Every structure is written in structure tokens, then in C-alpha cells.
Amino acid sequence: MKRAPAPLPRSFYAANPRRGPHASGVPFGPETVDIARDLLGCVLWRRLGDELLAARIVETEAYLGANDRASHARGGLRSARNRSMYLAGGHAYVYFTYGMHFCMNVVTAEEDIAEAVLLRAAEPIHGIETIRRNRPKAKRDSDLLSGPGKLCMGMAINREQDGLPLDGKALFITAREVVIEDQEIEVTSRIGIDNSGEASQWPLRFLIRGNPHVSGRKR
DNA sequence: TTATTGATTGACT
DNA sequence: GTCAATCAATAAA
């Protein structure tokens with residue numbers, strides 16, 4: 001069985017949302033934006049019994065808590081669904097949407113600050129046979145994890161992983177194995193949140209430029 | 001209590 | 001390009 005590197009330390013996820021304006025132009029939540037960027041290239045691991053699945057993160061989006069109209073925590077809302085968003089940085093927030101899909105976030109910042117990074121797409125690097133079985137409708141390998149719902153389906157992530165720490169046995173994230181230059185990172189507005197006013201335009205989506213495993217239709 | 005909508009995907013024209 | 005699937009969370013009444 002493949003041996004995984006050590007998980008990222010909890011300090012990796014310790015954003016400080018009160019530090020001030022950010023160079024991105026977003027008027028708050030500076031560090032969670034940086035964590036969304038830094039998560040590109042990091043590896044998401046999932047243990048299923050004896051088997052380890054792994055995928056390199058290639059697309060993320062930052063969600064900035066109470067002041068972000070697109071966030072499930074907009075206006076400071078607390079509910080049974082978004083409870084995990086208020087955990088300390090370094091936990092998973094997994095939710096169910098459209099009656100059929102799960103999406104996984106990496107919670108950032110301190111406890112009671114509901115900031116998080118949505119994992120939108122990844123590139124399978126280990127356990128790909130199992131990932132293919134989990135994604136029977138995928139027509140090619142670059143579609144196995146090329147969207148937030150696909151990523152959860154392929155990596156067998158569901159309600160049971162909501163609230164888990166990201167340095168645990170069943171689910172964890174490890175550091176980049178190669179350098180990623182700033183020029184390799186593309187920044188856009190977020191997907192699927194058109195009804196969130198100005199927040200719809202904020203540059204909070206990060207992806208590895210030209211990577212075939214990102215979300216969206218392919219040529 | 002009922003109605004609307006969604007951090008999506010996949011099939012179809 | 002359009003649209004159905006499918007249901008929980010949230011909003012509206």
C-alpha cells in the first residue's frame with residue numbers, strides 16, 4: 001500500500017479574516033483567499049478501509065463568511081447544514097445540494113469565523129481504478145473529478161465526512177509536491193452564484209491554467 | 001404551512 | 001445551446 005506524506009499542519013488553515021483589505025480587491029477576508037490559492041497542487045487523500053485514494057487539487061473557490069452573499073454563512077446565518085463552517089480551520093464542511101450531489105469545503109480561519117474553500121476539481125493520482133468505479137458516467141479520466149460534485153462522488157465523500165478534521169485517518173490533505181509559479185494560476189469569478197450581487201464578481205476562483213482536470217466543458 | 005431555489009451534473013436538441 | 005433530476009434548506013405566507 002502506498003504511504004502518504006504527513007498531513008498539512010493546522011496552522012496552514014489559520015486565516016485571520018480581520019487583517020484588512022486584500023490585493024484582490026475584495027474588501028475583507030484576505031487570508032482565506034490566499035489559502036484557496038495555496039491549496040492548488042496540494043493532495044486530497046481518502047482512506048476506504050485498506051485502500052488509499054489521492055487526488056491533486058487543481059481548482060478552488062474562497063467563500064468569505066458573513067459578508068459574502070454567496071456563502072452559506074451570509075449574514076452570520078447558522079443552521080444544521082452549515083454548522084461545520086464555524087469549526088476551526090482544518091476541518092471539512094460537506095453539504096448536500098440539488099437533491100443529489102455533495103460538495104466539500106476546507107474550513108479556514110478560527111472557530112466561529114465561517115470562512116471556507118470549496119474544492120472544485122482535482123486530478124486523480126492514486127486509486128484511480130476505484131475512482132473510475134465511483135464515477136461510472138465519466139467518459140474520460142479528465143472528467144472523473146472535474147467539478148465539486150464529481151470530486152465528492154469519485155473520492156467517496158458524503159455526509160459522513162462533514163466536520164471531520166483534515167489531518168485524520170479517513171480524510172486528509174498533504175502539501176504540494178512540485179512548485180507552482182504564480183503565472184500558472186488563473187483567477188476568475190466564482191461559478192454558479194449569479195444571484196449574489198457584487199459578490200458574484202469577486203475574483204475568488206483559482207485554477208491551474210490549462211490543466212485538463214478543471215471543471216467546465218472541454219473541447 | 002407551502003413555495004422557491006440551489007457553491008451541479010448529465011442527457012439531449 | 002436547453003433542461004430534467006431530486007430534495008433539503010431557506011424564504012415566504
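Throughout, a chain's letter reflects where its sequence line sits, starting with A, and its residues are numbered from 1. Keep in mind that this is a model prediction, so the values were computed, not measured.
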In whole angstrom, what separates [X]'s [atom1] from [N]'s [atom2]?
X: R69(A); N: dT10(C); atom1: CZ; atom2: P; result: 16 Å
X: M100(A); N: dT5(B); atom1: CE; atom2: C1'; result: 13 Å
X: Y98(A); N: dG10(B); atom1: OH; atom2: P; result: 14 Å
X: L119(A); N: dT8(B); atom1: CG; atom2: C1'; result: 15 Å
X: H101(A); N: dA5(C); atom1: NE2; atom2: C1'; result: 8 Å
X: I157(A); N: dA7(B); atom1: CD1; atom2: C1'; result: 15 Å
X: N158(A); N: dA8(C); atom1: CG; atom2: P; result: 14 Å
X: F96(A); N: dA7(B); atom1: CZ; atom2: P; result: 13 Å

Indicate, with a heavy-atom threshold strictly under 4.0 Å, whether [X] touches base, sugar-phosphate, or nothing.
X: M104(A); value: nothing
X: R81(A); value: sugar-phosphate
X: I193(A); value: sugar-phosphate
X: R135(A); value: sugar-phosphate

N/O (side chain, [X]) to phosphate O (OP1/OP2, [N]) under 4.0 Å:
X: R159(A); N: dA8(C); result: no
X: K139(A); N: dG10(B); result: no
X: S79(A); N: dT10(C); result: yes
X: N195(A); N: dT5(B); result: no

Checklist entry - Within a reach of under 6.0 Å around CD of E160(A), are more than 12 heavy atoms found that belong to other residues, nucleotides or ligands? => result no

Checklist entry - Is it true that the side chains of S146(A) and S215(A) contain a donor and an acceptor less than 3.5 Å apart? => result no

Checklist entry - Do you see a donor-acceptor pair shorter than 3.5 Å between the side chains of D162(A) and S84(A)? => result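 Short answer, yes.
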
Checklist entry - Which one is paired to dA11(B), where only Watson-Crick or G-U wobble pairs with both distances under 3.5 angstrom count? => result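 Its partner is dT2(C) (Watson-Crick or G-U wobble, both distances under 3.5 Å).
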
Checklist entry - For Y63(A) and dA7(B), do the ring centres fall under 5.5 Å apart while the planes stay under 30° apart? => result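 Yes, Y63(A) stacks on the base of dA7(B), since the ring centres sit under 5.5 Å apart and the planes are within 30°.
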
Item to check | Interatomic distance at P, dA12(C) relative to dA7(B), whole Å | outcome: 16 Å

Can you say whether a donor on the side chain of [X] sits under 3.5 Å from an acceptor on the base of [N], or the other way round?
X: R217(A); N: dT2(C); result: yes
X: Y95(A); N: dA7(B); result: yes
X: H72(A); N: dA7(B); result: yes
X: N105(A); N: dA7(B); result: yes

Checklist entry - Do any N or O atoms from the side chain of R209(A) and from the backbone of Q183(A) form a donor-acceptor pair under 3.5 angstrom? => result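 At least one qualifying donor-acceptor pair exists.
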
Item to check | Residues R190(A), E61(A): salt bridge by 4.0 Å N-O rule | outcome: no

Checklist entry - So, is the end of the R159(A) side chain (NZ or CZ) under 6.0 Å from the ring centre of F96(A) and within 45° of the ring's axis? => result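 That pair qualifies as a cation-pi contact.
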
